[in-house]
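So the structure is just underneath, and the comments pick up after that.
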Amino acid sequence: MDKPEKYYMNWDEVLFASQKLVHTIRQNHAAPKRILAIGRGGMTPAVMLSHALGVPEVQMLGVSAYREGHKAGKVKYQFPFPPSKLGVN
């Protein structure tokens, strides 16, 4: 399996993508009850969305796919609340 390529966003790209997502949510969806941020880079955009949408609850999902020596291993998830609330089994 090929290793996925990483894409690094600068601050302007993060801001633009966050604003675009806010616009899409406002146009097409009901306001969420909470925002789920993905750890290791997702907290800043999640807080931006939280403020823009008026959603005070931001939870973090911890994701880890590393073993000793930084080799890819099995992905592990750490949910901040029961996964059933997200429809995840």
Side-chain angles (χ1 to χ4, degrees):
M1 181 195 298
D2 292 333
K3 185 177 178 180
E5 188 174 325
K6 289 186 179 182
Y7 177 76
Y8 296 93
M9 297 175 77
N10 64 39
W11 182 252
D12 290 334
E13 291 171 314
V14 171
L15 182 60
F16 177 78
S18 297
Q19 290 171 340
K20 187 174 178 179
L21 183 55
V22 165
H23 176 76
T24 299
I25 291 170
R26 285 184 176 155
Q27 294 295 315
N28 301 308
H29 304 284
K33 294 179 182 175
R34 70 174 56 90
I35 293 175
L36 181 63
I38 299 174
R40 309 245 342 137
M43 285 300 295
T44 298
V47 171
M48 293 167 91
L49 293 174
S50 170
H51 288 286
L53 294 170
V55 178
E57 187 176 348
V58 177
Q59 297 284 332
M60 189 183 87
L61 172 65
V63 179
S64 174
Y66 295 97
R67 292 181 285 177
E68 289 184 37
H70 300 285
K71 296 179 183 177
K74 185 176 179 180
V75 175
K76 296 178 184 175
Y77 303 98
Q78 298 168 335
F79 288 96
F81 47 83
S84 60
K85 289 193 174 188
L86 292 175
V88 177
N89 296 326

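For clarity, every value in this text was computed on a predicted model and none was experimentally measured.
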**Message:** Which residue in the set Ile25, Ile35, Leu49 passes side-chain contact (heavy atoms from CB on, under 4.5 Å) when paired with Val55?
**Reply:** Ile35
**Message:** With a 3.5 Å distance limit and no angle check, can you tell me whether Glu13 reaches the backbone of Asn10 through a side-chain donor-acceptor pair?
**Reply:** yes
**More than 12 heavy atoms from other groups under 6.0 Å of CG on Leu15** = yes
**Asked** Just how far is it from atom OG1 of Thr44 to atom CH2 of Trp11, taken to the nearest 0.5 Å?
**Response** 6.0 Å
**Message:** For Ala46, is there any backbone N or O sitting under 3.5 Å from a side-chain donor or acceptor partner on Ser50?
**Reply:** no
**Prompt:** Is there a side-chain contact between Met60 and Ile38, using heavy atoms and a 4.5 Å cut-off?
**Reply:** no
**Nearest-0.5 Å distance that lies between atom CD in Glu57 and atom CG in Leu36** = 10.0 Å
**Complete:** Between Pro56 and Gly54, the two heavy atoms sitting closest are CD-O, 3.4 Å
**Message:** Can you tell me how far apart CE (Met43) and CE (Met48) are? Round to the nearest 0.5 Å.
**Reply:** 13.0 Å
